Engineer: 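A single structure is presented below for examination.
Chain A is the first sequence line, chain B the second, and so forth, proteins listed ahead of strands; every chain is numbered from 1. Quick caveat, the model's predicted, so the values are computed rather than measured.
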2 protein chains.
Amino acid sequence: MTSIKDVARIAGVSVATVSRVLNDKGYVGQRTREKVEKAIKETSYKPNEVARSLFKKQSNTIGLIVPDIMNPFFTELARAVEDMAIKLGYNVILCNSDGNGDKEQAYLDVLKQKYVNGIIVSSNTLTAQQVEELNIPVVSIDREISKGLPTIVVENKKGAMMATRYLQSKGCRNIGHIRGSYGVVNAEERYEGYKEVVANEPWFRESYVVNGNFDMQSSIEATAELLRLHPEIDGIFAANDIMAIGAIKVAHQLGKKVPEELAVIGFDGIKLSTVMTPELTTIVQPIYKLGEISAEMLISLMEQQPIENTYCKLDVELIERNST
Amino acid sequence: MTSIKDVARIAGVSVATVSRVLNDKGYVGQRTREKVEKAIKETSYKPNEVARSLFKKQSNTIGLIVPDIMNPFFTELARAVEDMAIKLGYNVILCNSDGNGDKEQAYLDVLKQKYVNGIIVSSNTLTAQQVEELNIPVVSIDREISKGLPTIVVENKKGAMMATRYLQSKGCRNIGHIRGSYGVVNAEERYEGYKEVVANEPWFRESYVVNGNFDMQSSIEATAELLRLHPEIDGIFAANDIMAIGAIKVAHQLGKKVPEELAVIGFDGIKLSTVMTPELTTIVQPIYKLGEISAEMLISLMEQQPIENTYCKLDVELIERNST
DNA sequence: TTGAAAGCGTTACCAT
DNA sequence: ATGGTAACGCTTTCAA
C-alpha cells in the first residue's frame, strides 16, 4: 500500500504539502498542487483511514445497535440508516443485541474503542447513565431511553387508539389485544392506547389482553389461548404485524374466517404485510423515514451542526386492507 | 479516555510493560502484573482499537457486501455472519451494493482503507482481478466469482432438478419456470436444472420460462404473462421464494386454486415461506449455515489457519408444504 | 524482568 | 507557499 510519504517523494514535496492538497486546506501553489495530484493518480494512492482516525479521534463510522436484524422492522431501519450514512460519508457497524443488556454494553464498549463518531440504538435495557458515560452522540430509535436524549419514535398510543376505534367502526363488539413484551416502552404505549378505548366497554376484562412477545410463535400460542377463553372475540389488535400474521394463522386453523368472523389489525407496516393473503390492515409507521431521520440527526449531532429538534415523534397512518 | 500512558503512570511502570500484560506476551513479573492489573481495573481502561489497528494493519473488522439486506435471504445471512464474527472477536461493517458494480468497488476501497481483515461478498459483477488486487482475504458467497477464489454456494442445479421432478411426481403436466435475473450465476444454474428435466417433454417451449428478476413485483408481472400465454400450466417452479409468493398471489387473483389447480414451488427456504397461507413448498438452503461457514472460512483465512477446503457447495433439501 | 524508543500513516502547528 | 516535526495510542525490538 502506498502511503503519503511515497506520494510526497514522488511529487518532490513534503508530506505536509500532500496532506494539504488531500484535505484542500491551507495554501498550496497551483504548480505544486498539480504535481501532487499527478503523483496521487499515478500511485492510485488512497489515504489510510485508520491513521486518520487515530489523529482525529473519529473513524467516519457509526454504530447501529438493534435487537435483531431478522425482525423486518429493523431490517428496513438498518437499510435506511446505511443508505443515509453512506450518502453523508460514513460506514455503519451492525450490532445485533438480542435485547440483551450485557451484549449492548459490550457493543457500546467496542464501538467506543473503535472511535465511532456516533451510535444509533434501539434498546429497552440501556440507561441514560450508560449512554451519557460514552460521551459520544447517541440517538435512540423506536424506543425512548430517557427524556433529554435524542430520540426518534412514533405515535404509538395514538396509533393503537386508531386501530382499536377502527375495529369498533367495523362493527366488532369484542376486541382482544395481543400485546408486545412487558417492559418495552412501545408495547406499553400501544397497550395503553387500546385500553383507553375499551376500558369502559361493558364486556372488557383484562383477560382480553394476552402477551405475544412481539414474535410470531408466542403470538400463535397467545392467540389460541385468547380465542379459547373468549370465543366471542370478533376483532384483534396485535401490537405488531408479525403477531397479527400469527393471529391470522391461528384463525385459519380454527376455521374462523378472516375478516368475516374475525377482523385483525396489526402495527408497523412491514413489507410482509402486503404479501400475504389476506393482506393485512395495519397501522403503518414510516420505517424507512425513521431510519433516515435518525441517521441525519445523529450525523448533525456528530458534526455539531445546529439542530432544531432533538426529539422527533413521527405520525402513523391506518392502511386499510383485507384483514378487517 | 484513559490511555496506556495513564495506566503506566498509575502502576508505576512503563507503557511497554502495560502492553505486555494487556497482550499477555513476554515476561512480566508476578508482582508487576498485579500492579498493572489493578491500575487497569481502577481506571477501567480499554485499549484504543484504532491505535492498535494502525500498528497491526488490521482492525478486527470484516466487511460484508450484499446486494440488499432487505432481501430476506441476505438478512439471515447477515445475521449469521455477524453472530459468528462476534463469537470469534470481530465486528462487521454492513454494505448494501444494490448489485451495482461501482458501489461494490467503492465499498471495497473504503473497507481496505479501514484495514478490515477480510471481506465477505455476494456479487455478480466483481471480477477475480478486482478481488485479487485487494490483497486481503475475500470469500464469495451465494454467487461464485471465479474458480480459485474461496467460495460458498449451494447445489443450485440439483435443487432445481429436484423441484421440477417433484412437480412432475405430483402430477403436473405443464410446468413453467420463473427464472432469476440474467447473468446471475445461481439464476442460470437453477434455470439449467429446470431445463434439463423438461427439455425433452413434448409440451416444452422456451415460452414456458419467464424472467422474474428475483423480486416480487417482477414476478407478479411475469406470472400474469406466463399464465395468460399458457393457461394450461399446472405447475410453476420459481427460482426463489419471493417470486413463488408473487406467483401465488397472481393465482389467487385469477381465481386459480393453489395447489389444486396450480402447484407452486420456490427456492431458498426463507422464514417468510412458512408464515403465509398456503405455506410454501420450497427447496431449502441452509442460509444461516451458509453465513456461519463463510465467516468461519474467512476468519481462518485471515488468521492463516490451515484450511482444508476453500470451496464449499452445500446441499439443499426439499421441504413439502401446502402449495403443491 | 523491565524500560526507552522507533514506527504505524496521518494532521496540524510552527518556522521559514 | 512550503517543510519539519510533534502528536494521536499502541506494539515490538533492542538494551540494560
Engineer: Does A:Asn48 put a side-chain nitrogen or oxygen below 4.0 Å from OP1 or OP2 of C:dC8?
Structural biologist: no
Engineer: When all nucleic acid strands are considered with a 4.0 Å heavy-atom cut-off, which category describes B:Val13: base, sugar-phosphate, or nothing?
Structural biologist: sugar-phosphate
Engineer: Quick one: is A:Tyr115 getting a side-chain N or O under 4.0 Å of the C:dT10 phosphate, OP1 or OP2?
Structural biologist: no
Engineer: Where the side chain of A:Ala51 is defined as all heavy atoms beyond and including C-beta, which of D:dT2, C:dT10, C:dC8 is the nearest nucleotide?
Structural biologist: C:dT10
Engineer: Find out whether A:Phe73 and A:Asp142 are in side-chain contact, i.e. whether some heavy atom of one side chain is under 4.5 Å from a heavy atom of the other.
Structural biologist: yes
Engineer: Roughly how many Å is it from CG in A:Leu54 to P in D:dA6, rounded to a whole number?
Structural biologist: 17 Å
Engineer: From the list C:dG9, C:dT11, D:dG3, which nucleotide is the closest neighbour of the side chain of A:Ser14?
Structural biologist: D:dG3
Engineer: Under 4.0 Å between a side-chain N or O of B:Lys57 and OP1 or OP2 of C:dG9?
Structural biologist: yes
Engineer: So for atom NZ, which belongs to B:Lys271, do other residues, nucleotides or ligands contribute more than 12 heavy atoms lying within a distance under 6.0 Å?
Structural biologist: no
Engineer: Contact between B:Leu77 and B:Ile287 at the side-chain level, heavy atoms closer than 4.5 Å - yes or no?
Structural biologist: yes
Engineer: Is the phosphate of D:dC8, meaning OP1 or OP2, less than 4.0 Å from a side-chain N or O of A:Lys56?
Structural biologist: no
Engineer: Taking atom C1' of D:dC8 as reference, at what distance in whole Å does atom CD of A:Gln113 sit?
Structural biologist: 16 Å
Engineer: Could you state the CZ-P distance from B:Arg9 to C:dT2, rounded to the nearest angstrom?
Structural biologist: 20 Å
Engineer: Would one find a side-chain N or O of B:Thr17 under 4.0 angstrom from OP1 or OP2 of C:dT2?
Structural biologist: no
Engineer: Check this for me: A:Lys5, atom NZ, are more than 12 non-hydrogen atoms of other residues, nucleotides or ligands nearer than 6.0 Å?
Structural biologist: no
Engineer: Counting distance only, does the side-chain N/O of A:Gln113 pair as donor-acceptor with the main-chain N or O of B:Pro47 below 3.5 Å?
Structural biologist: yes
Engineer: Could you state the NZ-C1' distance from B:Lys5 to D:dC10, rounded to the nearest angstrom?
Structural biologist: 10 Å
Engineer: Select one nucleotide: of D:dT11, D:dA1, C:dT11, the one nearest the side-chain heavy atoms of A:Tyr27.
Structural biologist: D:dA1
Engineer: Less than 4.5 Å apart, side chain to side chain, heavy atoms only: is that true for B:Tyr115 and B:Ile136?
Structural biologist: no
Engineer: Could you work out which one of D:dT11, C:dT1, D:dT12 sits closest to the side chain of B:Ala16?
Structural biologist: D:dT12
Engineer: Could you state the atom-to-atom distance from CD of B:Gln30 to P of C:dT2 in whole Å?
Structural biologist: 10 Å
Engineer: Kindly point out which of D:dG9, D:dT11, D:dT2 is positioned nearest to the side chain of B:Arg52?
Structural biologist: D:dT11
Engineer: Give the rounded distance in Å between these two atoms: CD1 of B:Ile4 and P of D:dT11.
Structural biologist: 5 Å
Engineer: Which nucleotide in the set C:dT10, D:dC10, C:dT2 lies at the smallest distance from any side-chain heavy atom of B:Arg20?
Structural biologist: C:dT2
Engineer: Whole-Å distance between D:dC8 P and A:Lys114 NZ?
Structural biologist: 22 Å
Engineer: Let's see if you can work this out: which of C:dT10, D:dG3, C:dT2 has an atom nearest to the side-chain heavy atoms of B:Val28?
Structural biologist: C:dT2
Engineer: Nearest-Å distance, CZ (B:Phe55) to P (D:dC10)?
Structural biologist: 13 Å
Engineer: Between B:Lys25 and D:dT12, is there a side-chain N or O to OP1/OP2 distance below 4.0 Å?
Structural biologist: yes
Engineer: Answer yes or no: does a side-chain N or O of A:Ser19 lie under 4.0 Å from OP1 or OP2 of C:dT10?
Structural biologist: no
